[in-house]
Amino acid sequence: MSISKKIILLGHFGVGKSSLIRRFVEDTFTDNYKVTIGVHILKKEVNISKEETVSLIIWDLEGNDDITNTRPSYMLGTSGIIYVFDLSRPATYKQLENDINYIKTNYPNTPVKVVGNKKDLVTKDFLKENNDVFKPFVDFFTSAKANTKVNDLFSTLAKELIL
Amino acid sequence: MLAEHKIVHQKAIYQYLTTDNKGLVLESDDTFFANIQSQNIIALHPFFYSITNLLDTKKEEEFLFSCIHLDTDNKNIIADITLKTFAKENPLLIIQDLTTHYNNYQLTAQKRNESVINSQILELKNKYLIEKEEFKNTFIANFSHEIREPLSGISTFVDILKKTNLNTEQADYLNIIKTSSNHLKHMIEDILDISKIEVGKLNLLEESFNTTAFLEEIIFTYKVKAKEKGLDFNNNIEEKLPNFLLGDPYRLKQILSNLLDNAIKYTKKGSITLDVSLNQIRANKANIHFEIKDTGIGIEEENFENIFTSFSQINQNQQNKGTGLGLAIVKSLVELMHGNIAIQSDFNKGTSISFNLSFKLDGSSKKEKVKTISVEKKEKEKYNVLLVEHSEITQLSVLKILAAQKRFFLDIVSNPEDVIPTLKNQKIDIILMDINLPNKTGDTLAQEIRQLPEKELKKIPILALTGKLFPEDLKRYKKAKINDVIRKPFDEKSLLKTIHKYLK
Ligand SMILES: Nc1nc2c(ncn2[C@@H]2O[C@H](COP(=O)(O)OP(=O)(O)OP(=O)(O)O)[C@@H](O)[C@H]2O)c(=O)[nH]1
Ligand SMILES: [Mg+2]
């Protein structure tokens with residue numbers, strides 16, 4: 001039996017948390033937005049190497065524009081965190097630094113991946129111009145729609161979890 | 001009876017189960033997950049994985065996990081799950097089905113989130129559009145300034161060339177060049193005006209003007225223009241109009257000229273009429289009605305709005321060329337003067353455009369103030385003019401104009417560093433200063449001159465030569481104690497007129 005690890009996805013509503021998971025788990029995408037309430041929990045096996053696999057128990061949380069409102073019980077037993085924001089909506093990354101500091105202070109030994117999603121909606125120039133805003137924090141620029149870096153994101157985190 | 005009703009109607013919304021400290025189910029009812037005795041809860045749903053390490057606490061504790069989506073054997077539910085641990089007993093799990101409640105909440109959340117996201121996207125779009133618009137206007141404003149310089153060169157040299165020996169054919173060609181460059185100049189002025197208006201940088205003057213003289217000049221000009229096209233020009237000017245008004249006569253003239261030019265342009269036969277009447281005088285302000293009527297092609301009602309927007313020309317045909325900005329400028333200027341423009345038109349019969357404007361009365365000027373600037377000789381015979389200018393075209397233009405006067409020695413310096421040494425070595429009567437100099441702006445240089453220790457040097461009149469005439473530019477020139485501004489593109493008259501003002 002492979003080991004199981006719980007990871008959770010945090011971020012403002014509508015940034016694409018559910019879409020990233022759907023892309024990763026089912027390899028599908030929809031433009032329709034169905035707001036997540038509470039939490040959906042999914043499981044997916046990830047091959048780390050030829051021999052090793054990890055069962056990711058993925059918690060897809062309800063979006064929240066104030067990270068401090070996250071229900072603490074959801075966080076119990078979390079091994080990894082993915083923080084997602086929406087590159088096309090500045091309101092979702094205005095508090096980026098604060099939010100990340102909050103996560104790092106409250107869950108100090110938990111690996112965190114910071115993700116700018118909906119990369120398909122912004123230009124290269126936009127990313128360059130905002131390099132100062134994103135560079136210090138962002139680990140992955142993803143697109144659930146275009147399937148950019150989604151597998152990378154989850155498998156990188158999975159590998160860190162079993163170190 | 002009640003008990004029977006209860007059995008029919010009461011839905012089971014709870015499942016209770018106890019497990020050992022590893023998650024093995026000891027006792028359970030079958031509400032959602034059925035027949036699960038001696039299974040591990042981890043197998044029921046991935047949710048339970050994350051609570052297995054809480055089962056072994058051996059303390060009295062309670063954990064609430066709310067709004068968990070569970071796919072169960074019977075149905076998919078949204079539940080609150082409570083875990084109770086005890087010091088001595090086995091842990092208890094209570095699953096409470098709250099699907100209906102949470103589905104209602106989902107609808108609310110859906111609406112709220114969608115509307116927040118839409119308004120954020122709208123805000124972004126607006127911001128983007130505003131930035132684009134600002135960029136466009138600034139670009140146009142700067143670009144128009146740049147065009148003025150070479151255009152000014154063409155204008156000046158056409159005038160100079162005119163005075164040489166030309167045969168009739170050459171003179172005709174030259175006239176065409178002159179007309180074309182004038183036309184180009186007007187279009188650039190239009191574009192510049194509209195971009196200034198749109199970025200809110202057009203400021204109105206408040207100066208006294210003689211109402212009758214002002215209107216007479218316009219009437220005279222347009223009588224001639226109408227006649228050239230075989231049209232009648234009528235005017236009804238009310239006699240009771242105040243003699244002197246305070247306002248911006250240049251912009252008022254621009255409004256009337258644009259409207260009259262337009263009326264003539266779109267009228268093939270018949271007449272053009274200018275009506276000016278007094279609505280009322282109240283609180284020391286005169287409200288005046290202006291109306292321009294023509295018997296031209298008219299405008300269809302659905303186009304009334306369009307004709308006042310930038311870059312629109314309803315009648316896009318070759319003869320009616322122009323920027324199409326005339327009416328947009330008129331509308332913006334009238335609005336800037338707190339008026340409202342109204343249009344009436346019968347297609348193929350004619351158009352009437354009217355507006356009311358308020359002007360302060362100028363009680364102080366009972367008599368016409370005549371400022372005459374004599375272009376005639378002053379006492380001194382020859383003057384030394386220092387031109388600080390980088391552009392060769394402008395250098396040549398000034399040289400030609402001044403040389404023709406035979407009363408000026410012209411010194412030209414193109415590097416700002418050379419200016420102060422030149423002033424110290426030579427007697428200079430007047431400085432013509434370009435503002436866009438390499439390495440240093442003209443106004444900075446002017447400031448340096450004003451701070452020189454030599455009394456006679458720091459008082460030399462400095463006239464700026466520039467196309468940069470935004471209010472903040474003018475402020476800078478004033479601060480640098482620049483005496484006057486000669487607007488680029490300049491012609492012979494405007495250059496000499498300003499220079500003569502400062503000759504001693
Ligand atoms: N263009 C584009 N749209 C995306 C992408 N990811 C998600 N979306 C869209 O964004 C909207 C929101 O996506 P979700 O995945 O539901 O977002 P969420 O973060 O789960 O939202 P909450 O559950 O409310 O917190 C949907 O309409 C998606 O189709 C992406 O990479 N590119
Ligand atoms: Mg979601």
Side-chain angles (χ1 to χ4, degrees), chain A residues 1-8 12-18 21 25 32-45 54-65 70-80 85-94 118 121-123 126 129, chain B residues 23 40 42-57 61-71 76-83 85 96 98-125 127-128 131:
Chain A
M1 207 188 96
S2 68
I3 29 168
S4 298
K5 293 283 177 186
K6 169 180 172 179
I7 64 169
I8 61 162
H12 285 216
F13 51 77
V15 296
K17 297 179 293 298
S18 305
I21 296 168
V25 176
N32 292 335
Y33 173 35
K34 169 109 194 277
V35 173
T36 307
I37 55 155
V39 59
H40 282 272
I41 299 146
L42 289 97
K43 195 169 137 180
K44 162 106 174 170
E45 305 267 327
V54 183
S55 267
L56 288 182
I57 314 288
I58 307 167
W59 283 50
D60 178 12
L61 262 54
E62 171 174 330
N64 203 323
D65 48 20
T70 313
R71 291 189 178 107
S73 67
Y74 288 171
M75 304 297 295
L76 290 171
T78 296
S79 303
F85 67 90
D86 180 345
L87 288 165
S88 72
R89 280 190 296 136
T92 68
Y93 56 81
K94 244 185 2 216
K118 307 200 191 177
L121 294 181
V122 299
T123 59
F126 169 84
E129 281 161 24
Chain B
N40 195 298
I42 298 178
L44 302 179
H45 189 275
F47 163 78
F48 296 101
Y49 159 80
S50 50
I51 60 165
T52 47
N53 55 343
L54 303 172
L55 299 173
D56 207 13
T57 54
E61 273 184 290
E62 181 171 326
F63 304 92
L64 172 68
F65 300 88
S66 39
C67 202
I68 310 286
H69 293 251
L70 290 178
D71 315 336
N76 295 343
I77 59 167
I78 312 172
D80 279 3
I81 300 174
T82 311
L83 167 65
T85 56
Q96 181 186 7
L98 290 167
T99 309
T100 320
H101 164 74
Y102 282 129
N103 277 340
N104 287 335
Y105 168 62
Q106 205 282 335
L107 293 179
T108 321
Q110 185 81 34
K111 273 198 202 127
R112 180 201 59 203
N113 291 10
E114 278 176 7
S115 87
V116 170
I117 290 172
N118 285 341
S119 72
Q120 285 172 353
I121 289 172
L122 213 68
E123 201 179 296
L124 270 179
K125 270 195 191 142
K127 198 176 144 232
Y128 171 73
E131 276 170 9

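Chain identifiers are assigned alphabetically (A, B, ...) following the order of the sequence lines, protein sequences preceding nucleic acid strands; residue numbering begins at 1 within each chain.
- At distances below 3.5 Å, not a single donor-acceptor pair connects side-chain atoms of B:E114 with backbone N or O atoms of A:V35.
- Residue A:I57 comes nearest to B:P46 through the heavy atom pair CG2-O, 3.7 Å, listed as atom of the first residue, atom of the second, then distance.
- The distance from atom CD1 of A:I37 to atom OG1 of B:T108, rounded to the nearest 0.5 Å, is 9.0 Å.
- Residue A:S88 touches chain B through its backbone alone, counting heavy-atom pairs closer than 4.5 Å.
- With sequence neighbours left out, the ring-ring contact (aromatic ring centres under 6.0 Å, His included) criterion links B:H45 to no other residue.
- Atom CD1 of B:I81 and atom OG of A:S73 lie 10.0 Å apart (nearest 0.5 Å).
- Chosen from A:H40, A:R71, A:K34, the residue pairing most often with chain B at heavy-atom distances under 4.5 Å is A:H40.
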Table please: side-chain donor-acceptor pairs of residues 48-56 of chain B below 3.5 Å, with sequence neighbours left out.
unit_1, atom_1, unit_2, atom_2, d
B:Y49, OH, A:S4, O, 2.7
B:S50, OG, B:F47, O, 2.7
B:T52, OG1, B:Y49, O, 2.7
B:D56, OD1, B:N21, ND2, 3.1
B:D56, OD1, B:K58, NZ, 3.3

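- With a 4.5 Å cut-off on non-hydrogen atoms, B:Q110 touches chain A through its backbone and its side chain both.
- A:G14 and B:I117 get closest at one heavy-atom pair: CA-CD1, 4.0 Å.
- In terms of heavy-atom proximity, B:L124 sits nearest to A:R89 at CD1-CA, 4.3 Å.
- Options A:I58, A:D65, A:L76 differ in how many heavy-atom pairs under 4.5 Å they form with chain B, and the most are formed by A:L76.
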